[in-house]
Amino acid sequence: MSDPTEGGGQAIGAGTRLVGAGRSPRYTHMAGGRGIVSPPVWRASTILFDSVAELRAAGRDPNDGLYYGRRGTPTQWALAEALTELEPGAAGTMLYPSGVAAVTTALLSVLKPGDELLMVDSAYEPTRAFCRNILAPMGIATRFYDPLAGAGIAELIGERTAAIFLESPGSLTFEVQDIPAIVAVAQARGIVTLLDNTWATPLLLPALALGVDLSILACTKYVVGHSDAMLGSVTAAPARWEALRRTTHALGHCVSPDDAFLASRGLRTLGVRLKAHGEGGLAVARWLETRAEVARVLHPALPSCPGHAAFVRDFAGASGLFSFVLAGGDDAARAALIDGLAHFGIGYSWGGFESLALPIDPAGLRTATRWQAEGPAVRLHIGLEDPADLIADLARGLDRYAAAG
Ligand SMILES: *Cc1c(COP(=O)(O)O)cnc(C)c1O
């Protein structure tokens, strides 16, 4: 068999790419010329050299081959390479011990004191907190913008604007941004764009192909896919790659080879899982829309979602995470809905094989826009259970909510 990461000059489908990604013979053929299907776990801190001369030679390019555990082993390299292969046009990928570490390091690789950052108002809460607690004291100002700004973002750009951070759809509220319009404005002025692409992954939204400079994933979610490891990644366009790598090494980030292995394993089934999460999620969302207890369903694939036209134009499909707003009622009624669910766990994170329900309160997390709602809201992650069972479970939950209200 030849190298499964090569397409033989022919464009290959997403499933085929996921099966071959990162499985270069460099990582799989280390045992007597024969191949292991999945690049195995190589654990290491110290790397031993045969001589002082060899040690010095390796030091001339510590990124080329085994050097020291912090620089990774073939286990982490195979995952990074696989993620790079999923983003046409990418120069490389760095790995992080969490999605938050990926977000913060990507930002630090771009910004310096005196710069201004434009941050989407619907950003993941720890991303907002980083701007407030770490960037501000460093002398880097953040201006939050409406996720629906589109080309209008040009009006917010000042002399010191160095970067625009996007997250689409937005955390909790799922507004879809006009990524090409914002990228066009940024590119015309030499401003760097960063996108938190955790919801869609490169499979549903090829960020770098749309002109984004740094594509960020909380691999903890869909890449790992089984709720059993924390991991993040940033994939960079050529112009941003060296700064990203330098900043990452300077901050001392490295990831466990065991976690990298789990992420590589998750990647093989990412395509089929996303398809099932997406179909199940849309079935549940459409059913919720028909219910009188539900005021609004916040799902990018529904025409009522702010930014839906951009979703249809730019995304290849939906994943399984969305929210809904109840038609009145209080916190206790919402808790009555969630507490008795049989097939939904209550907890943070998402992207695993299992369904989750979470009470959400976006009002306190917005500063450039205002969150107004008819009642309390719930975020759902739709797992790989049968949608009919999830719908029956939610129907019983809405009965409890109605009884409590
Ligand atoms: C969960 C999440 C993160 C952070 O990932 P962790 O691995 O939990 O640190 C970043 N961005 C988004 C959109 C997320 O949902």
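First listed ligand is number 1; within each ligand, the first listed atom is number 1. Quantities reported herein were computed from a predicted structural model and do not represent experimental measurements. Note that the numbering runs from 1 along the sequence shown for the chain.
Looking at S256 and R43, their side chains never bring a donor and an acceptor atom within 3.5 Å of each other. No side-chain N or O of T369 forms a donor-acceptor pair with one of D146 less than 3.5 Å apart. Looking only at atom types and distance, the side chain of E385 has a donor-acceptor partner in the side chain of S355 under 3.5 Å away. Using modelled atom types and a 3.5 Å distance limit, the side chains of T84 and T93 yield a donor-acceptor pair.
Only the side chain of W350 comes within 4.0 Å of ligand 1, counting heavy atoms alone; its backbone N, CA, C and O stay farther away.
Checked options R128, R366, R370; the residue passing with D121 is R128 (criterion: side-chain hydrogen bond (donor to acceptor under 3.5 Å, both in side chains)).
For ligand 1, the atoms closer than 4.0 angstrom to any heavy atom of M230 are 6 (P), 7 (O), 8 (O). Of all the atoms in ligand 1, the ones that sit under 4.0 Å from a non-hydrogen atom of G99 are 4 (C), 5 (O), 6 (P), 7 (O), 9 (O).
No side-chain heavy atom of E159 sits less than 4.5 Å from a side-chain heavy atom of E116.
For atom 11 (N) of ligand 1, the choice among T220, T198, D196 with the nearest heavy atom turns out to be D196. Summarising the contacts of atom 2 (C) of ligand 1 with K221, E125, E167, the nearest heavy atom is found in K221.
For ligand 1, one of its N or O atoms has an N or O atom of V100 under 3.5 Å away.
For atom 3 (C) of ligand 1, the closest heavy atom belonging to the protein is Y124 CE2, 3.3 Å.
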